[in-house]
Structures are given as structure tokens and as C-alpha cells.
Amino acid sequence: MTARPSYERPTIVRHQMGLMNKFGRQRAARPLSQIDGVAIDDLVAEYGSPLFVFSQRALIERYRELYDAFTRRYPRVRLAWSYKTNYLDAICRTFHREGAWAEVVSPFEYDKALASGVPSERIHWNGPFKPDDALEKAVRGSAIIHVDNFDEIARIESIARRTNLRPRLAVRTNMAIDGVQAWSRFGLNLESGQAKEAVRRIVSGDRMELAGLHTHIGTFILEPSAYGTAATKLAQFANEVRAEHGIRLSFLDLGGGFASPNSLKGQYLQGDQATPPFSRYADAIANGLSALDGPSQEWPTLVLETGRALVDDAGYLVTTVQATKRLPDGLRGLVLDGGVNLLFTSFWYNHEVAPTHEWRGGTEPTVLYGPLCMNIDVMREAMPLPPLAAGDRLVFRNVGAYNVTQWMQFITLRPAVVMVGTEGAVARIRRAETVSDLSSLEEVPDWLR
């Protein structure tokens, strides 16, 4: 008689989502203990946590990589640093020392560019909001104004008549690109003939100089061929301007929108796998600009307003674990001292996160919360992390774009920002806020004193 097999108690093993795909197991978080040779523990000891850190070396390397990629394919290239992406003086001055002009979208940014030493004639002014007093200041300074609508053209013409100056203008266009959501809010439409009519309006008034054409097709564009289509359309429009009005344009501006190494939420591939190199964007745009008529030595300068792709991977946010907890669904949760009020891009990116020390033991899915008393304060959802305790540190990578321009002192004050220089020196480039900073703008009525 055959012996009955012994009873084996069943076990249930939790399936950890997101660890496998056709490209293999998700990469484990690797420790990040230093930034450009400077220990993160030393930075926190000096400047506190949370703390934004920027690598000047990374800023310069990315700028040169972009410039070199485009100058290999097109003879005349101008980079205009996008102030709205990150307008900290130290960041802007780093790019301006490399030769970047400034691209601004507000009176505040225009004044900041001037204060950083940028001559007004090296400023491209974009955007739908340009008050009359700021417009006149830009006209007197010979800035390049990208007109957004017909009302703006009329206002600039009035300033030109009053000041007896000849403003330099570019017409901002929007256009249809297959596979890209149209940014039709900004500029004048190309396909409907609005942009062509704007050119005629500028030329017929004979008080303004048409210096260029501009388009910005969107943000975080992962398909370089979209820029090829935009460049072709802008080049053909430039040909029409030359044929109809005899104007040889000074520049064609393809805007910004290149992707950074970040991973968009819902994106299948990791950011560093999905993001095209600058050379692919350069190839697409140069091929599109080959549609230009006339001798190549007379072709206009190519202007790029790249922001995110230059600064994102130069920025880090250092945070400290305040508490650990086990959530009702079994996931582990960590409470950090930095939240979504500091890292606005965590709403649409799955930022890469790394502990600052080596560890023992396996990883498990972990939810990262900020310190805010708001349910939306989630920095990362269910990412694999090793065992961590209160006092341990986590570093968010690729956070250089938009966070220090869109951050807010909601519930917590904004922290310090430091830069690690090319030679390893560290300097604070924005001090941490205090309550007195916040209160200094307030006024209390006499009856409440």
C-alpha cells in the first residue's frame, strides 16, 4: 500500500507589481551618497533637510551637448535659456556664461534677466501677457518681442509711433502636428492663415521690423519627428514671407519641449530608455529646415528655448525619513520632510529615488508621503525600496526643472538651495525661508493691533 504524502500547509505570497516587464527586472535603487564628490550627509549637516542641490558640472555638460549636436547639423544656432524653467540667478548665470541668451515670459523674468547681466537686445520675450509699460521698456531696450495676438501688434505699433523707435518682432505661430496635442492657446494659427495675416499687418504698418518666426509645439515631446514637421512648416512659411514681402528673416525659433531623462507616469519604458538623445532632435529639425529657399549662407539662425532637458538631471532633492508606517493594504509607508509643495513635478513624473546608504535585506513596495496635512501629498506610489528607518535619507533625482519656480510655502517653508561647482566647491544659491520672510509682506489693520 502506497504511503499517503505528508500534508503541506499552503502559503500565500504577495505579488509585487511593477517588478518585471519584457525588459527584465526593475533596477534596484542604488545608493547615492555623494553629488559630484560632495557627501550628502555633509550638505545636510551644513544646510539642513529638505535641501535642493544642483550640479554645475551637469548644467554645463548638457548645454554643450545640446549646442554641439545642433551645430553639427546647422551652421547658425542660438540657445536662449528658458527662465520659467528655473530662474535662480546661479542657474541662469551658468548658462549665460556658456553663451545662452534669455527667453522670458513676464516682466518679472525680463527684469531678472537684465539683473543677471543679459543685454536687452539678447532677450526673446514670449507669452500672452506683456503690459504696456513693460512692452515699452522692451522696445526701448531693443528686445525681441514674440507677438501673441493682433491686439499686441496694435499696442506695440502705438509704442513705436510714440517713441519713434522700430521694435524687433517675431510672429509666434501654432500649428497642427500629427500625434501632438495642438498648443492653440498661444500665438496665431498657421493653417488658418492667421499667422500670415499677422505678418502682413506688421509689414504694412512700416513701423516694426519682422525679425523672425516662432513656434512651440508642446512639452516633453518624445518623438523627434514632430519637430521635423514643425521645422518644415516654419521653413515653408519663411519662404512665403520672403517671396511675398522680400524679407530675409534673422531667425526661426523652434521653441523648447525636449524631454528629460524623467519617467512620465503611465510611461512603459524608463525615462533614460525612452528619452531621445539631442542628436535625434537635431537631425529632425535640420532636415526640416532644409526646405528653406535661397542660398544657405542666407538662411536664418536657428533659435532653441530649451529648458527642462538642460536642467532637469542637474537637480536633486534631499529628504529625510520622519516616520515609517504599515498601511491597511499591507504596503509600507514613509513620511518625508519634503512634499509636493516643493516637488510639483511629482504629480506627473515617477522620479528616480535613491537611499544615501548601503543596506541589508530585500526591497518591498513603499509609498512615499510628504509632511503636508493633505491626502494628495504623495511623492511616489509603491516603489521598491530597502528597509529604511526614521533619520535615513532619500534623494529624488532629475528635479531641476520647474520645481523651484512652482514651489510654494504651503504648510512648510521653502528650503535652501545649494550648488556644487565644477571644482567641487559648495555655495548656497538661495537661503531657506523663515517665518519673518513670509510675514514681511503682510500688513495688519490698525483695528487688529
Side-chain angles (χ1 to χ4, degrees), residues 17-18 29 40-41 43-53 86 88 262-266 312 315-356 363-418 428 430-445 448:
M17 297 293 291
I40 290 174
D41 286 345
L43 291 173
V44 172
E46 177 73 18
Y47 301 102
S49 175
L51 178 69
F52 276 101
V53 183
N86 188 317
L88 293 181
N262 262 311
S263 302
L264 290 169
K265 290 189 175 182
D312 229 2
Y316 304 79
L317 175 62
V318 181
T319 62
T320 302
V321 177
Q322 302 298 301
T324 67
K325 56 175 61 180
R326 187 63 59 180
L327 304 176
D329 60 1
L331 289 178
R332 179 180 57 175
L334 300 178
V335 180
L336 309 178
D337 58 358
V340 295
N341 60 320
L342 304 182
L343 201 65
F344 192 77
T345 53
S346 60
F347 285 120
W348 60 81
Y349 292 149
N350 284 327
H351 284 291
E352 182 182 344
V353 183
T356 61
T363 62
E364 66 170 305
T366 305
V367 184
L368 302 181
Y369 296 108
L372 307 182
C373 196
M374 298 287 289
N375 213 36
I376 62 172
D377 190 18
V378 180
M379 304 285 275
R380 275 296 303 265
E381 301 169 351
M383 68 168 298
L385 282 174
L388 292 164
D392 289 338
R393 295 193 178 91
L394 288 173
V395 182
F396 290 76
R397 305 188 66 167
N398 302 329
V399 304
Y402 293 106
N403 288 301
V404 297
T405 56
Q406 296 184 347
W407 59 357
M408 63 184 77
Q409 64 276 74
F410 176 62
I411 298 180
T412 64
L413 296 169
R414 291 176 286 195
V417 185
V418 300
R428 185 177 64 189
R430 191 182 192 277
R431 65 171 175 80
E433 288 179 335
T434 65
V435 174
S436 61
D437 292 326
L438 187 61
S439 301
S440 64
L441 300 177
E442 298 183 23
E443 297 181 358
V444 179
L448 290 177

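Taking CG of Leu51 as the start and CZ of Arg393 as the end, the distance is 10.0 Å to the nearest 0.5 Å. Remark: Leu331 CG to Glu381 CD distance equals 10.5 Å, nearest 0.5 Å. Taking CG of Asp377 as the reference point, atom CG of Leu342 lies at 9.0 Å (rounded to 0.5 Å). Separation of atoms CZ (Phe410) and CE (Met374) is listed at 4.5 Å; rounding is to 0.5 Å. Atom CE of Met379 sits about 8.5 Å away from atom OG1 of Thr345, to the nearest 0.5 Å. Separating the CZ atom in Arg428 from the CD atom in Glu46 is a distance of 9.0 Å, to the nearest 0.5 Å.
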| How far apart are the C-alpha atoms of Trp407 and Phe52, what are their side-chain angles, what is the distance that settles it, and do they pass the ring-ring contact (aromatic ring centres under 6.0 Å, His included) test? | CA-CA 12 Å; Trp407 59 357; Phe52 276 101; 5.7 Å; yes
| request: Go through the steps to decide whether Tyr369 and Val378 satisfy the test side-chain contact (heavy atoms from CB on, under 4.5 Å), and finish with yes or no. | output: CA-CA 5 Å; Tyr369 296 108; Val378 180; 3.9 Å; yes
| request: Kindly indicate, with the supporting measurements, whether the criterion side-chain contact (heavy atoms from CB on, under 4.5 Å) is fulfilled by Phe347 and Ile376. | output: CA-CA 9 Å; Phe347 285 120; Ile376 62 172; 4.2 Å; yes
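Counting heavy atoms from C-beta outward, Asp312 and Tyr349 have side chains that approach closer than 4.5 Å. Looking only at side-chain heavy atoms (C-beta outward), Trp348 and Asn262 stay at 4.5 Å or farther from each other. The shortest side-chain heavy-atom distance between His351 and Leu368 does not fall under the 4.5 Å cut-off. Side-chain contact between Tyr316 and Ile40 is absent, with no heavy-atom pair separated by less than 4.5 Å. Side-chain contact between Leu336 and Val321: present, with at least one pair of heavy atoms (C-beta onward) separated by less than 4.5 Å. Within the 4.5 Å cutoff, the side chain of Leu317 has no heavy atoms near those of the Asn403 side chain. For the pair Leu334/Thr324, a side-chain contact is recorded, criterion being any heavy-atom separation below 4.5 Å from C-beta on. Using a 4.5 Å cut-off on side-chain heavy atoms (C-beta onward), Leu394 and Leu385 make contact.
Here the closest heavy-atom approach between residue Ala390 and residue Gln322 is recorded as CB-O, 3.7 Å. Of all non-hydrogen atoms in Pro415 and Pro50, the two that sit nearest each other are CB-O, 3.2 Å. Nearest heavy-atom pair, Leu413 versus Gln409, reported as atom, atom and distance to 0.1 Å: CA-CB, 4.0 Å. When all heavy atoms are compared, the tightest approach of Gly339 to Pro371 is N-CD, 3.5 Å. Contact detail for Pro384 and Thr363: the closest heavy-atom pair is CB-OG1, 3.9 Å.
A donor-acceptor contact shorter than 3.5 Å is absent between the side chain of Asn398 and the backbone of Glu352.
Side-chain contact check for Ser49 and Asp337: at least one donor-acceptor pair (N or O, by modelled atom type) lies under 3.5 Å. Judged purely by distance below 3.5 Å, without hydrogens or angles, the side chains of Asp437 and Ser440 never pair a donor atom with an acceptor atom.
Every residue meeting the side-chain hydrogen bond (donor to acceptor under 3.5 Å, both in side chains) condition with Asn341, not counting sequence neighbours, appears here in chain and number order: Thr412.
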